[in-house]
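Step one of this worksheet: look at the structure below.
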Amino acid sequence: GIVSTAAKFDQCPPEILEQAIVSMAKLNRDAAAAGLAAGVRCATDITGFGLAGHLFNVARSSKVAIQIEAQALPVIDGLESLVAAEMVTSGGARNADFLGAQISHAHEMPRWLREVTIDPQTSGGLALFSKIPIPGMPKIGVVTAGEPKVDFV
């Protein structure tokens, strides 16, 4: 969402746009296959509700708390400069308003990374939930018993 907003206003450097195009062109087939091989029984795609919204839907439905290590999130290089140039989406603001107190961000988390967590995605990949490490997939957080919420630390 951030990259496509910048592109709409001719404010996106070509190398950042290219990273986004390559990322969106990848199918989730490999991640899905790795998850199935690891016995994953819960997953969600990351699209219009952003990472925070989709994770909260899982937390609410499963009655768990999710904690995400924000620095572990795979992000496109250059997003920080696009957020600094105010190339953010109105959908991200709506996602944040809708989620309200169900999500939290560590005080030291930079604004650009907060924006990434609520940014609506066209093709944002998959979040796989597994009790064991999934080969080739980054671990970005943990799920615990608790009141449904998503904390970015």
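Everything numeric here is computed off the predicted structure, so don't read it as measured data. Values below: every heavy atom of this structure, side chains too, minus hydrogens, waters and symmetry copies. Along the sequence shown, residues are numbered consecutively beginning with 1.
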Do the side chain of [X] and the main chain of [Y] share a donor and acceptor less than 3.5 angstrom apart?
X      : Y      : answer
Ser61  : Asn57  : yes
Asn95  : Gly48  : yes
Gln19  : Asp77  : yes
His105 : Val153 : no
Ser130 : Pro133 : no

Please name the pair of heavy atoms, one in [X] and one in [Y], separated by the smallest distance, quoted to 0.1 Å.
X      : Y      : answer
Leu82  : Ala6   : CD2-CB, 3.8 Å
Pro135 : Ala34  : O-CB, 4.2 Å
Gly92  : Pro120 : N-CD, 3.5 Å
Cys42  : Val58  : SG-CG1, 3.8 Å
Ala65  : Glu147 : CB-O, 3.7 Å
Pro148 : Arg60  : CB-CA, 3.7 Å

| Any ion pair linking Arg114 and Glu80 (charged N to carboxylate O, less than 4.0 Å)? | no

| request: Would you mind reporting whether Arg111 and Val83 have side-chain heavy atoms less than 4.5 Å apart? | output: yes

| message | The test is side chain to side chain contact (heavy atoms under 4.5 Å, CB included); show your working for Val88 and Thr5 and say whether it passes. | response | CA-CA 7 Å; Val88 295; Thr5 296; over 6 Å; no

| request: Could you walk me through whether His54 and Asp45 pass the side chain to side chain contact (heavy atoms under 4.5 Å, CB included) test, one step at a time? | output: CA-CA 7 Å; His54 285 281; Asp45 67 334; 4.0 Å; yes

For the [atom1] atom of [X] and the [atom2] atom of [Y], what is their distance to the nearest 0.5 Å?
X      : Y      : atom1 : atom2 : answer
Ile118 : Leu99  : CD1   : CG    : 8.5 Å
Arg41  : Ser62  : CZ    : OG    : 11.5 Å
Ile66  : Ile140 : CD1   : CD1   : 9.0 Å
Thr89  : Asp119 : OG1   : CG    : 4.5 Å
Ser104 : Met109 : OG    : CE    : 8.5 Å
Leu128 : Lys139 : CG    : NZ    : 14.0 Å

| said: Is it the case that atom CZ in Phe56 sees more than 12 heavy atoms from other parts of the structure closer than 6.0 Å? | reply: yes

| Residue list, side chain to side chain contact (heavy atoms under 4.5 Å, CB included) with Leu17, at least two apart or on another chain | Val3, Ala7, Cys12, Ile21

| If you look only at pairs with a residue in residues 65-75, which of them pass as a side chain to side chain donor-acceptor pair (under 3.5 Å), with sequence neighbours excluded? | none

| query | What's the verdict on side chain to side chain contact (heavy atoms under 4.5 Å, CB included) for Thr47 and Ser123, showing C-alpha distance, side-chain angles and the deciding distance? | reply | CA-CA 6 Å; Thr47 53; Ser123 178; over 6 Å; no

According to a 4.5 Å side-chain heavy-atom criterion applied to Ile, Leu, Val, Met, Phe, Trp and Tyr, with indirect links allowed, do [X] and [Y] form part of one hydrophobic cluster?
X      : Y      : answer
Phe98  : Phe152 : yes
Val64  : Ile46  : yes
Val75  : Val22  : no
Leu113 : Ile76  : yes
Val40  : Leu55  : no

| query | Does the side chain to side chain contact (heavy atoms under 4.5 Å, CB included) test come out yes or no for Ile103 and Asp151, once each step is laid out? | reply | CA-CA 6 Å; Ile103 64 165; Asp151 294 319; over 6 Å; no

